[in-house]
Protein chains: 2
Amino acid sequence: MPSTPGTSTGRRRHRVREEALAEILRTGRRLLVEEGPAAVTLRAIAREMNMTAPGLYRYYAAHRDLIQALTSSLYDELAATLAAARDRHPASEPGRQLGAACRELRRWALEHPQEFGLLFAKPLTDADTAPGAAAHDPSWRFGGILLELMVQLWRRGSIQPPTGLDPAWTVQLEEVREHLDGEPVPLEVIYVFVSCWARLYGAVAVEVFGHLDFALTDPGPLFDHTVRDILTTLGEPSPGS
Amino acid sequence: MPSTPGTSTGRRRHRVREEALAEILRTGRRLLVEEGPAAVTLRAIAREMNMTAPGLYRYYAAHRDLIQALTSSLYDELAATLAAARDRHPASEPGRQLGAACRELRRWALEHPQEFGLLFAKPLTDADTAPGAAAHDPSWRFGGILLELMVQLWRRGSIQPPTGLDPAWTVQLEEVREHLDGEPVPLEVIYVFVSCWARLYGAVAVEVFGHLDFALTDPGPLFDHTVRDILTTLGEPSPGS
DNA sequence: AGAGATTGCTAACGCCGTTAACTTTTGGGA
DNA sequence: TCCCAAAAGTTAACGGCGTTAGCAATCTCT
């Protein structure tokens, strides 16, 4: 067991350790960006840090854990980026805030395609993301920002909820609702949120993963149209910048 | 150089070789399905076939080529599956045909998530898919089916093309148009096609890649709604089965 | 100063893709 | 029918990978 951090020297050790952890992730990310996901290897990271691969096991129990920590930190960065974009608009205009966050998501994804791929192109990573998915899930820190904005939009907005909601959904939707603060959101509205998230994810992923390359060099206007559509669905009358 | 196929023996040799090629892909796919993409390895395939890894180099020049051949064959299977779904409806009702093809795409993706991931979760594979992308691109055999159906829909339908098309797009859109037979399709209509394809891809990918797990156990109705939306955009008044 | 935890190392194992050099099989022409 | 060249598959080996075991150094606290 490590000594409890608290004394001055103990604290310093702890900080050094955290700096090493940070340098590992920094190096791994650099390899990801410069040479692709296959290059993010224990031996390569150690080499770049003038270490040997087994030494890294003092910080991560396995290669998989290192990658997981990397994705988690990327989710944090993405969440912070989206929050910053959101805060460039007044809280009194959640529509503009959400629009800005959506566009920032696309901008970040295009600027960091490898990172986006690591986060969002995972068919069946493991069963680590159970259907319920705890609020501690790294992706939740990111997704929560969009969800909260949609809630704001609902509070002041004019979302017209769909009718005839499939009863099989209510159980899962209620679980999502529990993660939200404040007054309970109608399940129908949560359904609208999910549908909008699906559309936003698709609009970004189809572009970043190159599935529009065959047709378009600049899908920007197409994305803008999609965002306007989403905002309209959420009751925002006119598009925000 | 191999002997020119034509003699009886020559033809038989050729068929044996093609059977070996097929068995390699069959084995690779089985490994992909059963143990994930990382398990599709030359040595594992050879092991399963009672061979040694270097022997596979008689059939594929490198591991990358084998994977590429696998993805190409999967594109073919997907295209055939979509064509079959399309042909379950009369050609006089392209709306129903397209709806069936869309739903079949989702069905195939959910039934073969590993294969779908191999085909559609590739951020920056290589620059092999140039913006222009030849009609020989394996993905074109698949995408062409949806595109042709959209053209059919336009011929009889009531697509209202958008106005104010970004002039920067026309060059790329014209390239797509050249791949289509028959009378030239207006660029604005092609824009609608691309936008619908983006939405369809997103609706399938967001589900297969597990980015709706946090909320929904059965996103089927959500997907149906999206398909109806797409068909409406393409001028289909009422949803087909 | 000494005990114990922390941090890094070397050596080694089995897996991977890939190459080189070899044997074996096989098909077709003299 | 025999022979030979091409095809198909083998073993051996290289470097890189994740991972483990065991060992040395260093650092912290008493």
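Order of the sequence lines fixes the chain letters, A, B, ..., with proteins taken first and strands second; residue numbering starts at 1 for each chain. Being a predicted model, the structure only gives us computed values, none of them experimental.
- Between the CD atom of Glu19(A) and the C1' atom of dT7(C) there is a distance of 15 Å, rounded to whole Å.
- Taking the side chain of His63(A) as heavy atoms from C-beta on, and the options dT19(D), dG17(C), dC17(D), the nearest nucleotide is dT19(D).
- Rounded to a whole Å, the CG atom of Leu31(A) is 10 Å from the P atom of dC17(D).
- Side-chain contact between His211(A) and Ser139(B) is absent, with no heavy-atom pair separated by less than 4.5 Å.
- Counting heavy atoms from C-beta on, the side chains of Leu147(B) and Val176(B) come closer than 4.5 Å.
- Picking from dC22(C), dT18(C), dT19(D) the nucleotide with the shortest atom distance to the side chain of Arg58(B) gives dC22(C).
- Interface remark: the Arg43(A) side chain does not form any donor-acceptor pair with the dG16(D) base, using a distance-only criterion of under 3.5 Å.
- As a whole-Å value, the separation of Glu48(B) CD from dC16(C) C1' is 16 Å.
- In terms of heavy-atom proximity, Leu200(A) sits nearest to Cys102(A) at CD2-SG, 3.7 Å.
- Look at CD1 on Ile24(A): it is 12 Å from C1' on dT7(C), rounded to the nearest Å.
- With salt bridges taken as basic N to acidic carboxylate O contacts below 4.0 Å, one links Arg107(B) and Glu104(B).
- Contact between the side-chain N/O atoms of Thr41(B) and the OP1/OP2 oxygens of dC15(C) is not found at any separation under 4.0 Å.
- Put simply, CZ on Arg64(B) is 14 Å from C1' on dC16(C), counting in whole angstrom units.
- Gln114(A) approaches Leu32(A) most closely through the heavy-atom pair CG-O, 3.6 Å.
- The interatomic distance linking Glu35(A) (CD) with dG16(D) (P) rounds to 13 Å, in whole Å.
- Mapping Val40(A) and Leu56(B) onto DNA chain D by nearest heavy atom places Leu56(B) closer to the 5' end of the strand.
- Of the two residues near DNA chain D, Gly55(B) and Ala61(A), the one whose nearest nucleotide lies more 5' is Gly55(B).
- Of the candidate nucleotides dT20(D), dT10(D), dG18(D), dT20(D) has the atom nearest to the side chain of Pro54(A).
- Look at Tyr57(B) and you won't find any side-chain N or O under 4.0 angstrom from OP1 or OP2 of dT19(C).
- Listed nucleotides dT20(D), dT11(D), dT18(C) differ in distance to Thr52(B); the shortest reach to its side chain belongs to dT11(D).
- In the set dG18(D), dT7(C), dG9(D), dG9(D) carries the atom at the smallest distance from any side-chain atom of Met51(B).
- Rounding to whole angstrom units, OH of residue Tyr60(B) and C1' of dA8(D) are separated by 16 Å.
- Among the heavy atoms of the strands lying under 4.0 Å from Ala62(B) are primed sugar atoms or P, OP1, OP2 only; no base atom is included.
- A sub-4.0 Å separation between OP1 or OP2 of dC17(D) and a side-chain N or O of Arg47(A) is present.
- Taking only side-chain nitrogens and oxygens, Arg17(B) comes nearer than 4.0 Å to OP1 or OP2 of dA8(D).
- By the 30° and 60° cut-offs, the orientation of the rings of Phe214(B) relative to Trp140(A) is perpendicular.
- Rounded to whole Å, atom C1' of dG17(C) lies 17 Å from atom CD of Gln68(B).
- Across all strands shown, Tyr59(B) has heavy atoms under 4.0 Å from sugar-phosphate atoms exclusively, and none from any base.
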